[in-house]
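Read through the structure below, which is laid out as structure tokens, and then see the notes.
Keep in mind that the numbers below use all heavy atoms, side chains included, and drop hydrogens, waters and symmetry copies.
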There are 2 protein chains.
Amino acid sequence: MAKKANVTIEDVAREVGVSRQTVSRVINKGPNVKPAVREKVEQAIARLGYVPNLSARRMGGGRSYLILAVNDRQRTLENWQAGRGNDWVDQMLYGGMTECEKQGYHLMFELIDTEPEKAPVELSHSIAALRPDGIILTPPHSDNEALAAMLAEKGIPCARIGRRGGEDYIDVYMDEGAAAADAARHLLALGHRKLALIAGSPEYGNSQKRAEGFLSALEQAQCGPGLVAKANFQFDRAAELLEEMLTGPNPPTGVIADNDEMAFAALHVADKLGLRIPDDLSVISFEDTPGVRFSVPPLTAIRQPTAEMIGKACNELIAAAGGQPAKGSFILPYRMVERATTGPLAPRLSQASGS
Amino acid sequence: MAKKANVTIEDVAREVGVSRQTVSRVINKGPNVKPAVREKVEQAIARLGYVPNLSARRMGGGRSYLILAVNDRQRTLENWQAGRGNDWVDQMLYGGMTECEKQGYHLMFELIDTEPEKAPVELSHSIAALRPDGIILTPPHSDNEALAAMLAEKGIPCARIGRRGGEDYIDVYMDEGAAAADAARHLLALGHRKLALIAGSPEYGNSQKRAEGFLSALEQAQCGPGLVAKANFQFDRAAELLEEMLTGPNPPTGVIADNDEMAFAALHVADKLGLRIPDDLSVISFEDTPGVRFSVPPLTAIRQPTAEMIGKACNELIAAAGGQPAKGSFILPYRMVERATTGPLAPRLSQASGS
DNA sequence: AAGAAAAAAGTGAACGTTCACATTTTTGCT
DNA sequence: AGCAAAAATGTGAACGTTCACTTTTTTCTT
């Protein structure tokens, strides 16, 4: 009847007849425990259903078994409020939780202010409250040097998504430039000669890298110069720009968009202009959100290894909490998922529209 | 140079010249503090940048300021692995984080096994480790009485999403039946007389409730019986079933799908069969994931108040942690977002296909 | 103005771990 | 067999709060 108090490390120690420290060594996989004792302790833990209290572990000076994944507040909130959702966050959760669960860790999300000066303050408050063992910084915070420096000063391992280097921090990234170049070459190989990139926003580092990769691929193939139009990731703006291009002189026959929303705009405009996809116009997107599989036609897209990057980041962070140096540069492969919006350029047999 | 230790409650107390307990009272908004003192303490807190350590608070016997949101492991993982994503989870994060942030709380996700017997074991381990102040149970775990009972026994407030009642727990739900009935009536009002429901899975309680609402609306309008086909939330199965229906005798002109994926299947089949949307076939979906806005045509859908339900749950849970009774039944309004897949039945002028 | 009651403030203990170190046991070597 | 070194185990203190009290100060009543 009396509510059974929680099982503590002492209960386990008593059960086995050893001291709490020995039990502690067992649960932390520490050295200096005789195999037979370790075995008995493990059995007692299972029998009693003992699970270490994380708050106490942290208070005792140990790890918190917590990783904080930091996202940009304004962008995230805006996406949510606009009904765009945050597939990126969903992917992070996937990669992060999967990896953390395996190692007895926990993942928590945190939104911090876009403003580069406010960010360190907000984050340090969260750190003071939560005392995470590691922190994942995503764009645009990955580029905030002051933030990373603050973490280093506090001795908290930090993984930056979308950065290369890895001399001072754990950097996990994919080669955005190469991906864009690949996309361009793919279209080139299909016979397209006039290509356009519908870019996101210049402040967003990836847009910049992709534009460079795109342009250089065209140059290499002597098919330049490619068109680059900035549409700020927005459907309407992209549609506008695209319509202008496609009805202008020398229209592109291949389009690469910096996100799915702008790729959908291409589909929309093509439909409006009576262009067949992919015969008259091929489209490749950067993002590959779930809805993309059901567009008409289903969108060919470059899939960022978001879940994998976060998983890798968690993994490295956990290793760092275990004493490994918190540095290293890890590149992860992207993947182009070819669906139905890309194909060889196949002009109509006759110019007249007919049944 | 010496790494400045973290600011503790004692530092604040010393700064102001009061005891730690007084500072504790201030940060917990407790009674029995003179306004002048409270003011001084608050200033010192701001000046020193003091943030209470959550682990210590928890250890001291106070709250953990943590809410655990529980999702079904198999379903969630499967969605992620299949590339379907979990928009539901993204929505939860939105509603939960927004509400928790406001009140100094933190939200953490947890996946627990589908198996009703394994669930309590898994969850109790997480509870032992994390000691959350409250727990949110989502389907199918909302329906697991043993789970809820275990939480009640441990004295942990629990909010169940998708349940009504509220006598013993905090129940937050929307009226799925009414929503389905509304959808049906909407189509009826547009002139449709033959309606079909592409249902999800019978084990999923909502599918059942929607089917009931759908059927009863038709009966009331004397337009029954409606077709109900179970497609298990899958595109392929839905497409198959739909094609059968639409090419059969007396085909439906209005379709309601239990999720977006199956609604996309309807769009796909209509296209294949040369049916115009919405002139020949109207489609309404239950879900409204972000991609829906960009389908061709954009999908009319019933939007579940997922974020709002989780927000409400957090709110009530936090109140419960503050001493309020952890019970109550809260219904939240759904919304039908009318886009372009619904319209009056408008048969072609002639049967012959023409330009 | 005294005494009682209420409000404000303070104190020791406890929460469940880990750390740093002390002690005991075992192993290895000659 | 004896000793040194290594391995295994144990102990007290500390982490930063809140709780349950106790003590002090203020307010109210007559």
Side-chain angles (χ1 to χ4, degrees), chain A residues 3-41 44-45 48-66 104 127-131 133 321-323, chain B residues 3-41 44-45 48-66 104 127-131 133 321-323:
Chain A
K3 198 174 284 178
K4 190 175 52 189
N6 295 295
V7 182
T8 75
I9 202 171
E10 298 273 13
D11 297 327
V12 178
R14 204 173 312 118
E15 173 91 0
V16 182
V18 295
S19 72
R20 54 188 148 73
Q21 187 56 29
T22 297
V23 178
S24 177
R25 287 193 182 96
V26 172
I27 62 183
N28 289 300
K29 307 204 191 306
N32 301 345
V33 182
K34 260 201 284 210
V37 175
R38 171 164 270 137
E39 174 89 0
K40 277 204 291 181
V41 170
I45 286 175
L48 265 39
Y50 167 68
V51 178
N53 177 324
L54 290 192
S55 296
R57 286 183 113 167
R58 178 64 235 185
M59 281 308 291
R63 311 192 197 176
S64 62
Y65 294 86
L66 211 208
I127 289 171
L130 263 11
R131 305 294 160 101
D133 288 342
Chain B
K3 198 172 285 177
K4 190 176 54 191
N6 294 295
V7 183
T8 74
I9 202 170
E10 298 274 12
D11 296 328
V12 178
R14 203 172 313 117
E15 173 91 1
V16 183
V18 296
S19 72
R20 51 185 151 73
Q21 187 56 30
T22 298
V23 178
S24 178
R25 287 193 182 97
V26 171
I27 62 183
N28 289 300
K29 306 203 191 308
N32 301 345
V33 182
K34 259 202 284 209
V37 174
R38 170 163 270 137
E39 173 89 0
K40 277 204 291 181
V41 169
I45 286 175
L48 265 37
Y50 167 70
V51 178
N53 176 326
L54 291 190
S55 296
R57 286 183 114 166
R58 178 64 234 185
M59 282 307 291
R63 310 191 197 177
S64 62
Y65 293 86
L66 210 209
I127 289 171
L130 262 12
R131 306 293 160 101
D133 288 343

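Rounded to whole angstrom, the span from the CZ atom of Arg38(B) across to the C1' atom of dA7(C) amounts to 13 Å. Asp11(A) has its CG atom 9 Å from the P atom of dG16(C), to the nearest Å. A straight line from OH of Tyr65(A) to C1' of dT17(C) spans 11 Å, rounded to a whole angstrom. The interatomic distance linking Arg58(B) (CZ) with dT18(D) (C1') rounds to 11 Å, in whole Å. Leu130(B) places its CG atom 17 Å from the C1' atom of dC15(C), with the value rounded to the nearest Å. Rounding to whole angstrom units, NZ of residue Lys29(B) and C1' of dT18(D) are separated by 17 Å. To the nearest angstrom, C1' of dG16(D) lies 13 Å from CZ of Arg14(B). Note: CG (Asn6(A)) to C1' (dA14(C)) measures 15 Å, nearest angstrom.
Along DNA chain C, the nucleotide nearest Lys34(B) and the nucleotide nearest Arg131(B) are compared for position; the residue whose nucleotide lies closer to the 5' end is Lys34(B).
Contact check, Ser19(A) against dG10(D): a side-chain N or O comes under 4.0 Å of OP1 or OP2. Between Thr22(A) and dG10(D) there is a side-chain N or O to OP1 or OP2 distance below 4.0 Å. The side chain of Asn53(B) places no N or O atom within less than 4.0 Å of a non-bridging phosphate oxygen (OP1 or OP2) of dG16(D). For dA7(D), the OP1/OP2 oxygens have no side-chain nitrogen or oxygen of Asn32(A) closer than 4.0 Å. For the OP1/OP2 pair of dT18(C) and a distance below 4.0 Å, the side-chain nitrogens and oxygens of Ser24(A) include at least one atom meeting the criterion. A sub-4.0 Å separation between OP1 or OP2 of dT17(C) and a side-chain N or O of Tyr50(A) is present.
Considering only the side chain of Arg57(B), dT18(D) comes nearest among dC15(D), dA7(D), dT18(D). Listed candidates were dT18(C), dT9(D), dT11(C). Nearest to the side chain of Ile9(A) is dT18(C). Picking from dA9(C), dG16(D), dT17(C) the nucleotide with the shortest atom distance to the side chain of Met59(B) gives dG16(D). For Val18(B), the listed nucleotide lying nearest its side chain is dG10(C); candidates were dG10(C), dT9(D), dT17(D).
Among all heavy-atom pairs drawn from Ser64(B) and Asp133(B), the shortest one is N-OD1, 2.9 Å. Considering all non-hydrogen atoms of both residues, Val23(A) and Val18(A) come closest at CG2-CG2, 3.9 Å. Residues Val7(B) and Leu48(B) share a closest heavy-atom pair of CG2-O, 3.5 Å. Closest approach of Ile27(A) and Ile9(A) over heavy atoms only: CD1-CD1, 4.2 Å.
Pro52(B) comes within 4.0 angstrom of the backbone, heavy atoms only, and of no base.
In this structure Glu15(A) satisfies the side-chain hydrogen bond (donor to acceptor under 3.5 Å, both in side chains) test together with Arg47(A), sequence neighbours excluded. Partners of Arg38(A) under the side-chain hydrogen bond (donor to acceptor under 3.5 Å, both in side chains) rule, at least two apart in sequence or in another chain, do not exist in this structure.
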Less than 3.5 Å apart, which donor and acceptor atoms pair up between the side chains of residues 50-59 of chain B and the rest of the protein, not counting sequence neighbours?
unit_1   : atom_1 : unit_2   : atom_2 : d
Asn53(B) : OD1    : Ser55(B) : N      : 2.8
Asn53(B) : OD1    : Ala56(B) : N      : 3.1
Arg57(B) : NH2    : Asn28(B) : OD1    : 2.9
Arg57(B) : NH2    : Tyr65(B) : OH     : 3.4

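Among residue pairs with one or both ends in residues 20-31 of chain B, those qualifying as salt bridge (charged side-chain N to carboxylate O under 4.0 Å, His left out) are Glu10(B)-Arg20(B); sequence neighbours excluded.
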Polar pairs (N or O, both sides) under 3.5 Å between protein and nucleotides 19-21 of chain D?
unit_1  : atom_1 : unit_2   : atom_2 : d
dC19(D) : N4     : Gln21(B) : OE1    : 2.9

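Summary of helix geometry: the two end axes of the helix from dA1(C)-dT30(D) to dT30(C)-dA1(D), each defined by five base pairs via their C1' atoms, are inclined to each other by 20° (rounded to 10°).
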